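This report refers to the structure that appears directly beneath it.
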Amino acid sequence: MYDVTIKAFNESFIHVTGDPSVRYDLHDKFSFHVAGSEFSPKVKYGAWDGKIRLYNIQQQILPKGLLYELLRYCKDEQYTVSFDKSLVPQPVAKTDFDEWLNTKTILAKGNHIKPHWYQYDAVLHGLTKERGLLKLPTSAGKSLIIALLTRYEYEAGGRILILVPTDVLRHQMKDDLIDYGLFEESDIYAMDPKNKKETQGFRRVVITTWQTAIKRDAEWMQQFTMLLNDEVHLATGKSLQTINEKMTTAKYKIGLTGTLKDTKCHIMQLISLFGPVFSPISTRQMID
C-alpha cells in the first residue's frame, strides 16, 4: 500500500490520492499566503484567510505543473509513491530537433540568422518537457523562441494560443512571427477583443491578450494543443487559474518571462500552470 498515488487526470491536473492524513498534509503544503491579502475586505470580515490552495482535497487533484514539486516533497517526507509513468513526456531527440531546425530559413530584417545557443536550449527544453517557465533576460529574443515553438507544433498539425499582456504586443507578436519568415499573414489570427464575430477563427495560430482569453469558455480553450504565454509574470494568479481550469487538452503549456515577482505564492501559481523554472542564460552572461 502506497502513501501517495499519482495518476493522469487531464492536461491541467493530476489525480493525487492517499490516506486522509496525507491528503490534508498535501492540502497544507500547497497552500500559500497571498501578498497583500491582509488588506482585502474578505480577510478583514473573516470570509477568507488570505491563502490560495492549489490542491483540491475534495476532487483530489493538483495542477500538473506541480508534479515535480510533489515528487520532491514526497521524497523529503519519505512517503512511498505509486507514480503513473505516462506523466513523464517522451523527450525530443536532439538529433531530430537539429534536423528539423536545419530545414528552417529564419530571417531578421531580411538577413538570415541562426538562434543563439540559449534560444536553442529554451526551445528544446520546452518541446522535451512539454511544460516550462522559461526565464530569460531582456533582449534574449523571446519572440524567436515563441516563433520556433509555434512553428514546431504548427507543422505537427496542432493549434497554438499565444497570450500577451497588452493589445500593442498582440500586433507586435504577429509581425515578429511573420518577419522571421516562419509564417504567412494568413496563418495567424490576432484576435481583436472588440470583434464579436470570429471570421478568422479557423486559423491555427491565435494571438490575444490573457484578459480576453479568460472570457472564453472551456470549449473554445480546448481546441488548442499548445499554450504560449509571453511576459507571464504580468498575468494575475486568478487569471492563470481560470485558464488552467478551462484548458484541459493542451499538451504544451509554456510561459516566458524576464522576471518573477518575489513572492512564493505568485511563483508557485506560475509553476502550477507551466511547470518548473528554466533559465538557460543569466543577465550577467547576456552582458558578457
Side-chain angles (χ1 to χ4, degrees), residues 11-12 65 104 106 108 115 119 122-127 129-136 138 140-195 198-218 220-236 239-240 242-244 246-258 270 273-275 278:
E11 293 296 350
S12 292
K104 300 291 162 285
I106 307 172
Q119 294 169 324
V123 175
L124 185 57
H125 178 88
L127 295 175
K129 299 297 185 180
E130 298 178 357
R131 270 174 164 70
L133 190 55
L134 306 180
K135 184 176 181 291
L136 299 106
T138 302
K142 290 191 286 292
S143 63
L144 178 56
I145 294 169
I146 290 172
L148 289 170
L149 288 167
T150 302
R151 187 70 212 179
Y152 190 93
E153 180 63 3
Y154 186 88
E155 292 184 10
R159 293 180 67 91
I160 302 94
L161 176 62
I162 302 173
L163 300 181
V164 293
T166 67
D167 204 45
V168 171
L169 290 177
R170 175 171 63 91
H171 294 288
Q172 182 179 316
M173 182 63 69
K174 179 180 179 179
D175 291 342
D176 286 346
L177 266 59
I178 295 169
D179 290 344
Y180 286 129
L182 295 172
F183 290 93
E184 301 292 335
E185 184 167 358
S186 58
D187 297 326
I188 303 170
Y189 175 31
M191 190 169 70
D192 185 347
K194 298 176 183 177
N195 183 9
E198 290 190 42
T199 57
Q200 303 180 77
F202 62 90
R203 300 185 185 184
R204 288 196 286 123
V205 180
V206 178
I207 305 172
T208 190
T209 62
W210 54 265
Q211 298 94 324
T212 298
I214 60 173
K215 298 175 183 177
R216 299 287 168 162
D217 58 24
W220 185 85
M221 288 283 199
Q222 288 168 6
Q223 68 181 293
F224 298 104
T225 58
M226 174 180 276
L227 169 66
L228 302 173
N229 195 332
D230 192 23
E231 303 294 350
V232 69
H233 63 283
L234 297 176
T236 65
S239 300
L240 294 175
T242 300
I243 290 169
N244 196 36
K246 293 179 180 179
M247 207 167 196
T248 56
T249 58
K251 176 181 177 181
Y252 297 97
K253 291 181 179 176
I254 300 169
L256 297 96
T257 182
L270 292 177
L273 177 57
F274 297 107
F278 178 67

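Owing to the predicted nature of the structure, the values given are computational and were not obtained by experimental measurement. The figures that follow rest on heavy atoms only: side chains count, while hydrogens, waters and symmetry mates do not.
Here the CD1-CG distance, from Ile146 to Leu177, works out to 8.0 Å after rounding to the nearest 0.5 Å. Atom CD1 of residue Ile162 and atom CG of residue Leu169 lie 12.0 Å apart, to the nearest 0.5 angstrom. The line from CD1 of Ile254 to CG of Leu149 is 4.5 Å long, rounded to the nearest 0.5 Å. Note that the NZ atom of Lys129 and the CG atom of Leu124 stand 10.0 Å from one another [nearest 0.5 Å]. The distance from the CZ atom of Arg203 to the CG atom of Asp187 is 8.0 Å, given to the nearest 0.5 Å. Atom OG1 of Thr209 and atom CG of Asp230 lie 12.5 Å apart (nearest 0.5 Å).
Contact detail for Arg131 and Leu273: the closest heavy-atom pair is NE-O, 3.6 Å. Nearest heavy atom pair, residue Lys251 against residue Glu130, reads CE-OE2, 2.8 Å. The heavy-atom pair separating Ala213 from Leu163 by the smallest distance is CB-CD2, 3.6 Å. Minimum heavy-atom separation, Leu182 to Arg151: O-NH1, 2.7 Å. Counting all heavy atoms, side chain and backbone alike, Arg170 lies closest to Asp167 at NE-OD1, 2.6 Å. Gln119 approaches Ala140 most closely through the heavy-atom pair NE2-O, 3.1 Å.
Evaluation of the side-chain contact (heavy atoms from CB on, under 4.5 Å) rule for Ser12 yields Asn10, Asn244, Thr248, Lys253 as partners, not counting sequence neighbours. Under the side-chain contact (heavy atoms from CB on, under 4.5 Å) criterion, Ile178 pairs with Lys174, Glu185, Ile188, not counting sequence neighbours. Ala218 meets the side-chain contact (heavy atoms from CB on, under 4.5 Å) test with Gln222, Lys246; sequence neighbours excluded. With sequence neighbours excluded, the residues forming a ring pair (Phe, Tyr, Trp, His ring centres under 6.0 Å) with His125 are Phe278, listed by chain and number. Glu153 meets the side-chain contact (heavy atoms from CB on, under 4.5 Å) test with Ala156, Ile160, Thr225, Met226, Tyr252; sequence neighbours excluded.
Inter-residue side-chain proximity for Ile106 and Leu148 is flagged as met; some heavy-atom pair is nearer than 4.5 Å. In this structure, the side chains of Arg216 and Gln223 stay at 4.5 Å or more apart for every pair of heavy atoms. By the 4.5 Å heavy-atom criterion applied to side chains, Phe274 and Leu227 are counted as neighbours. Leu161 places a side-chain heavy atom less than 4.5 Å from the side chain of Thr208. Side-chain contact between Leu240 and Val232: present, with at least one pair of heavy atoms (C-beta onward) separated by less than 4.5 Å.
Counting only residues at least two apart or on different chains, the ring-ring contact (aromatic ring centres under 6.0 Å, His included) pairs with a member in residues 140-163 are Trp100-Tyr152, Tyr154-Phe183.
Between the Glu231 side chain and the Val164 main chain, no donor and acceptor come within less than 3.5 Å of each other.
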